[in-house]
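Once you've had a glance at the structure underneath, I'll fire off some questions.
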Amino acid sequence: MRIGLLTGGGDCPGLNAAIRAIVKRGTSEHGCSIVGFHNGWRGVIEGDATPMTRNDVSGILVAGGTMLGTDRCHPNKVPGGMDAVKDTFENEKLTGFICIGGDGTLKAAGKVSKALDVPVIGIPKTIDNDVVGTDASIGYDTAVMIATEAIDRLHSTAESHNRVMVVELMGRHSGWIAVTAGIAGGADIILAPEEPFDIEQVARQIRHRHRNSNFSIVAVAEGAQPAEGTSWDFEPTLDERGNPIAGSIGQDVTKAIEDLTGFTTRLTVLGYVQRGGTPTARDRLLGTRFGVAAIDAIVAGESGKYTALQGDHVVLEPFETMMGKTKWVPRELLDASHGL
Ligand code: F6P
């Protein structure tokens with residue numbers, strides 16, 4: 001078989017582990033040729049392809065980012081995009097395709113899988129961990145580790161200066177990183193999109209805590225929102241795609257806490273650090289397992305599905321399971337972040 005491969009959407013640690021597994025397993029075990037496309041779906045549209053051998057992927061297991069490059073382009077949103085994808089599939093004589101991406105990239109994979117008569121398998125990656133049907137996505141574990149370490153480090157400087165420290169963490173739609181790193185790092189207050197908050201209540205909690213303590217740590221997800229009917233009007237600053245820009249909610253929460261409590265309050269926006277650098281052992285393992293499962297699935301004739309971790313097992317889920325949905329932080333985990 002001749003298998004195309006791309007990474008799309010935001011990068012994350014563990015992508016190279018998946019690429020390496022696909023190329024090594026595909027060429028050595030299954031005798032496939034693997035063709036890598038640069039910069040996500042844009043590379044497929046532009047026919048920007050490169051043959052990949054075992055040597056090309058040697059040593060990349062520990063490397064962050066993606067050796068193929070990535071992009072947020074969706075073929076169905078570019079004029080003539082789907083036709084260009086079809087042409088590239090024909091020109092490259094592809095008999096299978098593996099697409100490593102988040103929500104948007106996998107949605108496009110589902111559409112391509114339906115439109116072209118070529119088997120397509122997806123692999124979920126996103127530090128946000130919000131892909132439905134899988135317990136974890138590639139990159140999430142590393143992001144939580146980085147965010148937890150950052151919160152750990154904020155404690156000593158917060159305490160030394162008698163400050164409230166707000167740390168803004170990634171997660172526009174769901175608050176997986178903020179909630180789990182917040183709990184693991186001992187944040188005093190955690191604000192996630194799943195639980196709209198009342199800033200007056202947040203200020204009351206901080207004032208209460210400061211009767212016995214001289215500092216507080218507040219972890220806030222990028223997509224956290226004030227509850228309807230509360231006194232605080234928050235209008236996030238949006239980027240060109242209509243998404244809140246990094247630092248937007250963090251700045252407003254920081255200012256509001258300082259105004260309402262009178263305590264000196266400082267903001268740390270962790271930003272892209274959460275997506276950078278070497279993957280944890282868990283992400284290397286997940287990337288490798290998903291890569292192996294994806295290439296085995298294509299060779300076995302599967303299509304229109306993505307790899308998913310369910311308990312201890314890697315299984316295949318149909319694209320319909322995740323399309324148009326968000327995996328929210330469950331109630332039990334949100335509850336576990338209260339009153340600690
Ligand atoms: O890939 C997920 C993510 O890191 C989100 O957590 C974050 O909100 C977004 O990507 C940032 O996107 P961009 O790389 O386009 O700025």
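Note that these values count all heavy atoms, side chains included, but never hydrogens, waters or copies made by symmetry. Just so you know, ligand 1 is whichever comes first in the structure, and atom 1 is the first atom listed for that ligand. In this text the structure is predicted, and so the values were computed from the model without any measurement. For reference, positions follow the sequence shown, starting with 1.
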Query raised in the report: Rounded to the nearest 0.5 Å, how far apart are CH2 of Trp176 and NZ of Lys327?
Result: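 Going from the CH2 atom of Trp176 to the NZ atom of Lys327 covers 5.0 Å.
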
Requested in this report: Could you grab the distance from atom NE2 of His210 to atom OG1 of Thr261, nearest 0.5 Å is fine?
Outcome: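 The OG1 atom of Thr261 is 7.0 Å from NE2 of His210, to the nearest 0.5 Å.
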
Report task. Answer with yes or no whether the side chains of Tyr306 and Thr134 bring together a donor and an acceptor at under 3.5 Å. Result -> no

Query raised in the report: Under a strict 4.0 Å criterion on non-hydrogen atoms, which protein residues are in contact with ligand 1?
Result: Gly10, Arg72, Ile127, Asp128, Met170, Gly171, Arg172, Glu222, Tyr272, Arg275

Query raised in the report: In a check of side chain to side chain donor-acceptor pair (under 3.5 Å) between Tyr140 and each of Asp128, Thr180, Asp283, which one passes?
Result: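 Looking at Asp128, Thr180, Asp283, the match for Tyr140 under the side chain to side chain donor-acceptor pair (under 3.5 Å) is Thr180.
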
**Report entry** All salt bridge (charged side-chain N to carboxylate O under 4.0 Å, His left out) counterparts of Glu159, not counting sequence neighbours
**Finding:**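 With sequence neighbours excluded, Glu159 shows a salt bridge (charged side-chain N to carboxylate O under 4.0 Å, His left out) to no residue whatsoever.
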
Query raised in the report: Is there a donor in the side chain of Asp56 and an acceptor in the side chain of Thr53, or the other way round, less than 3.5 Å apart?
Result: yes

